[in-house]
Amino acid sequence: MPSGKRGHFPVGTNVLDAARQLGVYVESVCGGRATCGRCQIEVQEGNFAKHQIVSSLEHISPKGPKEQRYERVRGLPEGRRLSCSCTVEGDLVVDVPQDTVINAQVVRKAAVDRHIERLPAVQLCYVEVDEPDMHKPLGDLDRLKQVLEKDWGWKDPLIAPHLIAQVQGILRKENWGVTVAIHRDWDASRPFITAMWPGLKNEAYGIACDIGSTTIAMHLVSLLSGRIVASSGAPNPQIRFGEDLMSRVSYVMMNPDGREAMTKAVREAVNALIGKVCEEGGVDRHDILDSVFVANPIMHHLFLGIDPTELGQAPFALAVSGALQYWAHDLDIDINRGGRLYTLPCIAGHVGADAAGAALSEGPYRQDKMMLLVDVGTNAEIILGNRNRVVAASSPTGPAFEGAEISSGQRAAPGAIERVRIDPDTLEPKFRVIGVDKWSDEEGFEEAAGAVGVTGICGSAIIEVVAEMYLSGIISEDGVVDGALAARSPRIFQNGRTFSYLLRDGEPRITVTQNDVRAIQLAKAALYAGVKLLMEKQGVDHVDLIRFAGAFGSFIDPKYAMVLGLIPDCDLADVKAVGNASGTGALMALLNRDHRREIEAEVHRIEKIETALEPHFQQLFINAMALPNKVDPFPKLAEAVKLPPKKALADQEAGADATAPRRRSREERAARRRS
């Protein structure tokens with residue numbers, strides 16, 4: 001982890017060698033002498049149901065002399081091992097800590113440049129308080145409240161309990177001048193004093209945070225000016241407990257301390273990210289007075305310390321769906337002691353606060369046209385509607401789009417292939433990798449790629465390579481690699497009982513297998529079937545606008561997404577990536593408390609469609625297995641791209657053989673699993 005690569009190795013295999021055989025980059029500059037300390041790993045303990053293994057510290061060799069010497073001289077963080085000096089002795093889940101990785105995952109969730117009218121929940125108020133008078137025996141805090149009402153209109157504000165003991169000291173530090181942070185949100189008539197400083201204070205910040213199942217993105221914002229001071233992201237450390245959401249629920253169910261471990265991991269990651277954005281922005285983290293968080297339902301529950309087990313089984317009951325307010329300190333978030341924490345409401349089941357944030361950002365309910373909003377991730381969230389009606393669903397696409405379940409797949413990191421083109425005549429590919437500006441067929445590419453290597457295929461390239469294989473005739477509309485082309489190009493080669501495509505002949509050898517194509521078909525079919533179901537509920541046969549949200553969606557080429565059949569036919573000019581729309585929604589709620597009321601009202605109007613309860617979903621899923629789709633036309637796409645001719649119905653019937661019932665049965669079983 002976090003790459004998700006798996007393999008089988010003989011007992012006694014060196015852990016570093018095992019990682020390298022899997023194509024996982026673990027740095028080691030000392031040649032395995034246990035002197036550089038760059039190859040650190042952590043063993044995760046517990047029952048990992050998805051992998052059907054129990055990982056234990058007993059399954060890795062004990063520390064030998066070299067590792068003991070390194071620990072004695074330079075020290076190892078608790079729980080860390082040097083992978084060059086330990087061996088595999090049983091089933092293991094191994095985490096490669098991101099602080100040791102040079103080619104770390106690229107987290108591409110940046111802030112959207114848009115104007116947000118500022119009306120934050122926090123206001124700084126400077127007042128000068130009357131000194132105590134023996135003839136007016138009123139307490140210091142009470143006199144402070146009097147002047148707040150007189151100068152600012154705040155009548156009888158509440159006060160954070162931890163401040164009560166500090167009031168007298170703060171008032172006397174700067175000759176009775178004091179700056180008070182007033183927080184008002186749900187009940188503006190009862191404001192809250194959440195922080196105090198002696199003298200004039202002119203800095204107040206907030207954070208907007210999107211906790212995704214794969215990445216965590218954060219913006220640090222000035223509440224006084226609305227300026228985004230810094231933005232950053234980091235991998236979600238919960239990946240070590242399971243790549244997808246259901247794996248993490250299973251981990252909680254099968255490990256007594258699983259929920260606590262995942263809650264602690266995500267909160268530590270959030271605190272580390274706060275430190276990072278504060279360092280980048282030159283801000284004291286204790287000047288952060290407000291925070292807004294969005295997350296999918298399982299991440300939402302785990303972050304708040306709620307057991308997500310009920311979300312792992314029908315009827316997928318949320319412990320709480322409405323917006324919530326906390327003292328950040330109560331969730332171990334290290335900001336100002338009086339800092340507040342607000343979570344957007346969840347829509348339902350597996351459509352969470354992140355979907356609510358995306359809806360707030362893009363506002364399908366503010367549109368006259370029919371807008372499709374899709375957040376493509378491990379669990380895709382789909383919203384379709386206009387100002388008259390909005391419906392929503394979740395679709396279990398799985399981690400294939402993020403590199404897992406793909407033979408040469410990996411997360412987006414320097415060295416990962418991110419763009420692919422295939423010549424339809426020669427079947428020769430060209431590609432680009434993250435960290436290199438040149439295409440692979442351009443002069444100087446190999447030299448430029450030498451620094452980062454060419455290590456695998458990330459999500460955006462997985463979509464492009466499968467779509468390009470279809471456009472060039474390497475795979476049929478049913479997703480079958482055409483073995484007859486092996487006589488025409490050495491790029492097509494037999495791989496067991498099926499055929500594969502060689503994308504790059506090097507170290508590592510990067511191929512696209514028949515199983516890879518199937519994994520992408522299953523993922524895209526689940527998403528498209530969910531979209532089609534919502535279209536049927538809305539009574540429409542087309543959509544007017546399509547918006548791709550999320551870090552992954554930002555790097556999907558709309559043309560290839562449509563060729564693949566990930567989204568329905570639409571004018572390509574009306575298909576746009578909107579970046580981290582969930583994070584933008586959190587940003588809007590941070591800077592303007594009226595947006596909180598807006599989305600709280602709208603989520604009650606959004607209708608949740610549960611795909612598992614829709615009998616027609618299976619047939620939609622089976623139709624969506626084809627490229628782009630077995631039955632749906634794509635006339636607007638055909639105007640922009642030359643699509644291969646579809647099989648005539650007569651040809652399909654004539655070509656039906658004894659294998660057809662078996663194929664339909666497998667697809668129907670896949671549909672049932674996805675729903």
Side-chain angles (χ1 to χ4, degrees), residues 1-6 19 24-27 39-48 50-51 55 57 76-81 83 92-109 207 209-218 232-252 254-255 257-277 293-308 331-334 354 377-379 399 402-404 410-413 551-552 583:
M1 295 296 184
S3 65
K5 298 289 185 69
R6 315 172 182 84
V24 176
Y25 183 83
V26 179
E27 188 178 15
C39 67
Q40 296 178 26
I41 52 100
E42 295 178 2
V43 172
Q44 303 303 318
E45 292 195 280
N47 189 325
F48 292 80
K50 180 177 179 179
H51 310 313
S55 177
L57 289 173
L76 268 175
E78 185 178 355
R80 297 274 179 96
R81 296 292 303 274
S83 60
L92 290 171
V93 173
V94 175
D95 184 47
V96 182
Q98 292 299 293
D99 57 69
T100 68
V101 179
I102 300 301
N103 285 22
Q105 178 185 349
V106 178
V107 179
R108 310 186 191 190
K109 292 191 176 184
I207 54 170
C209 187
D210 173 16
I211 302 177
S213 54
T214 304
T215 57
I216 303 172
M218 183 179 291
S232 191
N236 188 331
Q238 292 177 341
I239 289 173
R240 67 175 70 114
F241 302 102
E243 293 167 345
D244 57 72
L245 297 172
M246 288 302 104
S247 295
R248 296 181 202 178
V249 174
S250 296
Y251 188 88
V252 171
M254 302 187 73
N255 296 276
D257 61 347
R259 199 279 303 157
E260 291 84 353
M262 278 194 271
T263 295
K264 181 181 178 184
V266 71
R267 290 179 181 177
E268 287 178 348
V270 167
N271 279 324
L273 205 48
I274 291 172
K276 186 176 180 181
V277 293
F293 283 77
V294 296
N296 64 57
I298 290 173
M299 296 299 97
H300 170 278
H301 279 35
L302 287 171
F303 174 65
L304 298 178
I306 301 170
D307 188 333
L331 297 184
D332 302 321
I333 302 304
D334 185 14
D354 54 349
T378 310
N379 188 67
E402 295 176 338
Q410 68 166 89
R411 303 197 186 280
F552 180 54

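If you're wondering where the values come from, they're calculated on a predicted model, not measured in any experiment.
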How close do Asp334 and Asn271 get, counting heavy atoms only, and between which atoms? N-OD1, 2.8 Å
Would you sort out whether Val270 and Ile211 count as a side-chain contact (heavy atoms from CB on, under 4.5 Å), showing the intermediate values? CA-CA 9 Å; Val270 167; Ile211 302 177; 4.2 Å; yes
Gln44 meets the side-chain hydrogen bond (donor to acceptor under 3.5 Å, both in side chains) criterion, sequence neighbours left out, with none
How would you list, by chain and number, every residue that makes a salt bridge (Lys or Arg N to Asp or Glu O under 4.0 Å) with Asp332, sequence neighbours excluded? Arg267
Drop me the distance from Ile306's CD1 to Leu304's CG, to the nearest 0.5 angstrom. 5.0 Å
Scanning both residues in full, the closest heavy-atom pair of Pro77 with Gln40 reads CD-OE1, 3.7 Å
To the nearest 0.5 Å, tell me how far Leu302 CG sits from Ser213 OG. 11.5 Å
Over all atoms of both residues, closest heavy-atom pair of Ser247 and Gly242: CB-CA, 3.7 Å
Only one of Arg259, Arg248, Met299 passes side chain to side chain contact (heavy atoms under 4.5 Å, CB included) with Pro308, and that residue is Arg259
Pair His301, Asp307 - check side-chain contact (heavy atoms from CB on, under 4.5 Å), show working. CA-CA 7 Å; His301 279 35; Asp307 188 333; over 6 Å; no
Closest approach of Cys39 and Ser83, non-hydrogen atoms and distance? O-OG, 2.8 Å
Report yes or no: does Asp210 contribute a side-chain atom to a donor-acceptor pair with the main-chain N or O of Ala217 at less than 3.5 Å? no
By side-chain hydrogen bond (donor to acceptor under 3.5 Å, both in side chains) - contacts of Ser250 (at least two apart): none
Minimum heavy-atom distance Ala265-Phe241, with the two atoms named: CB-CE1, 4.2 Å
Hey, what do you get for OG (Ser232) to CD1 (Ile216), rounding to the nearest 0.5 Å? 11.0 Å
To the nearest 0.5 Å, tell me how far Thr215 OG1 sits from Asn236 CG. 8.0 Å
Nearest 0.5 Å, what's the CG-CG distance between Asn296 and Leu245? 5.0 Å
To the nearest 0.5 Å, how far apart are CG in Leu273 and CD in Glu268? 13.5 Å
Derivation and outcome, side-chain contact (heavy atoms from CB on, under 4.5 Å), residues Val294 and His300: CA-CA 7 Å; Val294 296; His300 170 278; over 6 Å; no
Could you tell me how the ring of Phe293 sits relative to the ring of Phe303: parallel (under 30°), tilted (30 to 60°) or perpendicular (over 60°)? parallel
Pro97 side chain near Glu42 side chain, heavy-atom distance below 4.5 Å: yes
Just one of Arg240, Arg80, Arg81 clears the salt bridge (Lys or Arg N to Asp or Glu O under 4.0 Å) bar with Asp95, so which one? Arg240
Taking side chain as C-beta onward, heavy atoms only, is Val43 less than 4.5 Å from Val93? no
So, do Phe48 and Ser55 sit near enough that their side-chain heavy atoms are less than 4.5 Å apart? yes
